[in-house]
K.L.:
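The structure's right below; bear with me while I get my questions together.
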Number of protein chains: 2
Amino acid sequence: MSSSAGSPDSGGIPDIAGNGNGSGQPGTAANGRPLPEATIARLPVYLRALYSLSERGVSTVASDELSAAAGVNSAKLRKDLSHLGSYGIRGVGYDVDYLVYQVSRALGLTQRWPVVIVGGGNLGRALANYGGFVNRGFKIAAILDSDRGLIGRRIGDVAVRHVSDLEDVVAMNKVVIGVIAVPAPAAQGVCDRLVAAGVTSILNFAPLVLKVPDGVDVRKVDLSIELQILAFHARRRSAVRVERVPEDEQVPEEESV
Amino acid sequence: MSSSAGSPDSGGIPDIAGNGNGSGQPGTAANGRPLPEATIARLPVYLRALYSLSERGVSTVASDELSAAAGVNSAKLRKDLSHLGSYGIRGVGYDVDYLVYQVSRALGLTQRWPVVIVGGGNLGRALANYGGFVNRGFKIAAILDSDRGLIGRRIGDVAVRHVSDLEDVVAMNKVVIGVIAVPAPAAQGVCDRLVAAGVTSILNFAPLVLKVPDGVDVRKVDLSIELQILAFHARRRSAVRVERVPEDEQVPEEESV
DNA sequence: CGATGTGAAGCAGTTCACAGCG
DNA sequence: CGCTGTGAACTGCTTCACATCG
């Protein structure tokens with residue numbers, strides 16, 4: 001593990017709270033134990049719903065409404081939030097803005113993390129333009145590509161730089177989060193360089209399993225896997241329908257593998 | 001639920017097997033119970049690893065190697081595969097090509113599912129060009145966009161059509177899977193139209209929670225949520241490092257309750 | 001012998017249902 | 001009174017460890 005990774009510039013929002021998890025280790029629940037992984041994965045969804053409420057001027061929200069907006073049931077929401085501390089008001093609900101702050105803090109988004117995106121193709125561009133939400137908590141330190149024809153082209157408000165600048169960009173901006181949006185054959189090489197440069201968190205869009213040393217956190221987003229999971233359920237659904245409805249709607253439009 | 005959805009064209013690969021799950025309901029394990037959701041989510045990963053082995057001419061693989069390639073432990077792999085049937089050879093391993101077939105069949109990928117992509121922006125284009133793997137099991141029925149400037153433009157080997165063709169495309173191609181790659185404000189509207197047209201499986205890339213009727217399956221891929229989860233772990237890691245820096249060997253000591 | 005397939009144990013996450021509090 | 005916060009029950013997934021069999 002390299003030495004260059006540090007904390008990004010602090011947002012400097014002070015801790016207002018009294019009742020909750022004000023001073024513990026980051027990443028731990030109010031009771032001192034680590035936050036459940038499943039809870040962590042849902043906090044961003046709650047946060048988005050809360051921002052949306054806040055923008056509409058809603059100042060207070062009950063667990064029923066918030067959970068509906070987030071697509072989960074209310075018991076789960078309450079338990080998730082209770083891991084952060086006791087931030088609700090019984091008989092009333094949650095203060096929207098205060099909860100935004102607490103959830104942001106729990107996720108570590110009171111800082112803005114510099115992120116480097118490797119790959120300036122369609123996917124890299126889509127990410128860079130994702131705007132709005134990505135920009136809450138993140139800033140794009142650079143978009144890198146190996147295609148010299150892309151260099152200098154602006155995407156969002158960042159210009160594409162050559163991938164040879166990778167190590168410089170990471171060091172100069174103290175980047176700890178890297179996004180890999182290159183074709184599969186190039187991905188492991190990019191990953192190795194990111195890790196060597198000090199990046200310890202990687203979001204991988206290339207369709208392969210990256211090998212990384214211990215202490216490096218990889219998450220993958222795989223477009224085709226999601227489709228395949230959908231296909232599985234779709235087939236089950238249609239099989240059930242065919243089973244039940246003896247209706248000859250089968251149209252074999254040939255196409256072999 | 002609408003009436004137009006049907007099974008896609010059948011691939012027509014016959015069932016070779018003897019020992020396993022040859023004739024049961026699709027989507028059920030060898031024991032007749034449904035496949036665990038967690039298993040379904042990993043099968044595509046195994047499948048990719050298997051394709052890779054097959055292309056390299058490997059004919060047999062043991063659970064250790066395959067599980068390593070897929071990034072899981074071997075017990076999990078074996079249990080997952082055992083849900084499909086008993087397709088391994090004790091003392092030897094698994095026949096790669098045969099397992100490719102069995103996993104494909106379990107996922108419903110011996111058919112090629114027509115998919116409609118709504119949104120011809122960077123994300124839609126990235127999806128359409130994802131190539132290779134998406135094309136195993138899927139074909140793009142159409143890419144739709146509301147921007148008339150994009151109409152006719154070819155992405156991969158499909159031309160962009162206007163979103164007003166949505167209902168026609170779904171009906172003509174018996175599309176059951178739709179991908180939403182439009183900006184958030186347009187997403188719910190697109191979703192409603194897809195559902196009304198008969199689509200029952202939706203892959204949503206827009207950063208909001210879609211409302212759909214029962215019987216419609218939505219999966220979401222959220223670029224910013226993944227980043228936020230990474231940020232959480234990154235912060236915990238950096239906090240721990242700062243905390244512990246005066247490092248000596250950790251003396252095993254009592255953990256307080 | 002060596003790797004699969006699988007009961008059994010262990011763990012994590014979800015849901016229930018209600019006590020507790022504003 | 002109404003909604004939060006939470007023990008307790010439950011469900012599902014993972015891991016272990018070994019009997020089984022080619």
Side-chain angles (χ1 to χ4, degrees), chain A residues 17-21 28-43 45-46 50 58-96 98-99 102-103 106 229, chain B residues 17-21 28-43 45-46 50 53 58-96 98-99 102-103 106 229 257:
Chain A
N19 49 347
N21 184 20
T28 59
N31 59 15
R33 306 197 45 70
L35 281 180
E37 201 58 39
T39 296
I40 297 163
R42 283 186 295 264
L43 289 179
V45 183
Y46 304 153
L50 285 166
V58 178
S59 66
T60 288
V61 68
S63 63
D64 296 33
E65 308 164 59
L66 183 53
S67 65
V72 304
N73 76 34
S74 65
K76 197 185 278 182
L77 171 76
R78 288 200 304 276
K79 183 146 282 191
D80 283 339
L81 293 182
S82 76
H83 287 123
L84 309 185
S86 190
Y87 298 132
I89 305 158
R90 287 165 199 248
V92 179
Y94 300 89
D95 182 276
V96 171
Y98 185 48
L99 201 50
Q102 288 298 346
V103 174
I229 296 171
Chain B
N19 50 346
N21 185 21
T28 59
N31 59 15
R33 304 198 46 68
L35 281 178
E37 201 60 37
T39 296
I40 297 164
R42 284 185 296 265
L43 290 179
V45 183
Y46 303 154
L50 285 166
L53 289 168
V58 178
S59 66
T60 290
V61 67
S63 64
D64 296 34
E65 308 163 59
L66 182 54
S67 65
V72 305
N73 77 31
S74 65
K76 197 185 280 183
L77 171 76
R78 289 201 302 280
K79 181 143 284 193
D80 283 340
L81 293 182
S82 76
H83 286 123
L84 309 185
S86 190
Y87 298 132
I89 305 159
R90 283 164 200 250
V92 179
Y94 300 88
D95 181 274
V96 172
Y98 185 48
L99 201 51
Q102 288 298 346
V103 174
I229 296 171
V257 186

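Numbered from 1 within each chain, the chains take letters A, B, ... in sequence-line order.
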K.L.:
Starting at atom CG of B:D95, determine the distance to atom P of D:dG22, rounded to an integer number of angstrom.
P.N.:
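Taking CG of B:D95 and P of D:dG22, I get 17 Å after rounding.
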K.L.:
Of all nucleotides in DNA chain C that come within under 4.0 Å of a heavy atom of chain B, which is furthest toward the 5' end and which toward the 3' end?
P.N.:
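Both ends considered, the range comes out as C:dG2 to C:dA8.
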K.L.:
Does any part of the side chain of B:R42, heavy atoms only, come nearer than 4.5 Å to the side chain of B:V72, both counted from C-beta?
P.N.:
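Side-chain contact under 4.5 Å: yes.
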K.L.:
Pick the closest DNA chain C nucleotide for A:P36 and for B:S63 by heavy atoms, then say which residue is nearer the 5' end.
P.N.:
B:S63
K.L.:
D:dC13, D:dT14, D:dG5: which one has an atom nearest the side-chain heavy atoms of B:R42?
P.N.:
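Nearest nucleotide to the side chain: D:dT14.
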K.L.:
I want to know whether B:Y87 and B:Y98 have ring centres closer than 6.0 Å.
P.N.:
yes
K.L.:
Does a side-chain heavy-atom distance below 4.5 Å link A:R78 with A:Y94?
P.N.:
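Of all side-chain heavy-atom pairs linking A:Y94 with A:R78, at least one is under 4.5 Å.
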K.L.:
Whole angstrom is fine here: how far is it from CG in A:L77 over to P in D:dC3?
P.N.:
14 Å
K.L.:
Assess the side chains of B:T39 and B:D80: does a donor N or O sit below 3.5 Å from an acceptor N or O?
P.N.:
yes
K.L.:
What is the separation between atom CG on B:D80 and atom C1' on D:dT15, rounded to the nearest whole Å?
P.N.:
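Nearest whole value for this atom pair: 13 Å.
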K.L.:
Which residues in residues 65-76 of chain B have at least one heavy atom lying under 4.0 Å from any atom of DNA chain D?
P.N.:
B:N73, B:K76
K.L.:
Rounded to the nearest angstrom, tell me the gap between atom CD1 in B:I40 and atom P in D:dG12.
P.N.:
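Going from B:I40 (CD1) to D:dG12 (P), I get 13 Å.
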K.L.:
Within a strict 4.5 Å, meaning less than it, do heavy atoms of the A:L50 and A:V103 side chains meet?
P.N.:
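A side-chain contact under 4.5 Å exists here.
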K.L.:
Looking only at heavy atoms, which two atoms of B:A41 and A:I229 are closest? And how far apart?
P.N.:
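Of all heavy-atom pairs spanning B:A41 and A:I229, the closest is CA-CD1, 3.7 Å.
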K.L.:
Specify the closest pair of heavy atoms between A:L81 and A:Y46, including all atoms of both residues, with the distance to one decimal.
P.N.:
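In this case the closest contact between A:L81 and A:Y46 is CD2-CD1, 4.4 Å.
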K.L.:
Taking the side chain of B:K79 as its heavy atoms from C-beta onward, which of D:dC18, D:dT14, D:dG22 lies nearest to it?
P.N.:
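Minimum distance to the B:K79 side chain belongs to D:dT14.
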K.L.:
Can you tell me the distance, in whole Å, between the CZ atom of A:R90 and the P atom of D:dC1?
P.N.:
18 Å
K.L.:
Can you tell me how far P of D:dG2 sits from OH of A:Y94, to the nearest Å?
P.N.:
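So the OH-P distance, A:Y94 to D:dG2, works out to 18 Å.
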K.L.:
If I compare all heavy atoms of A:A106 with all of A:L43, which pair ends up nearest, and what's the gap?
P.N.:
CB-CD1, 4.3 Å
K.L.:
Assuming nearest nucleotide by heavy-atom distance, tell me which of B:R78 and A:G91 is located more 5' along DNA chain C.
P.N.:
B:R78
K.L.:
Is the shortest heavy-atom distance from the side chain of A:H83 to the side chain of A:P36 under 4.5 Å?
P.N.:
yes
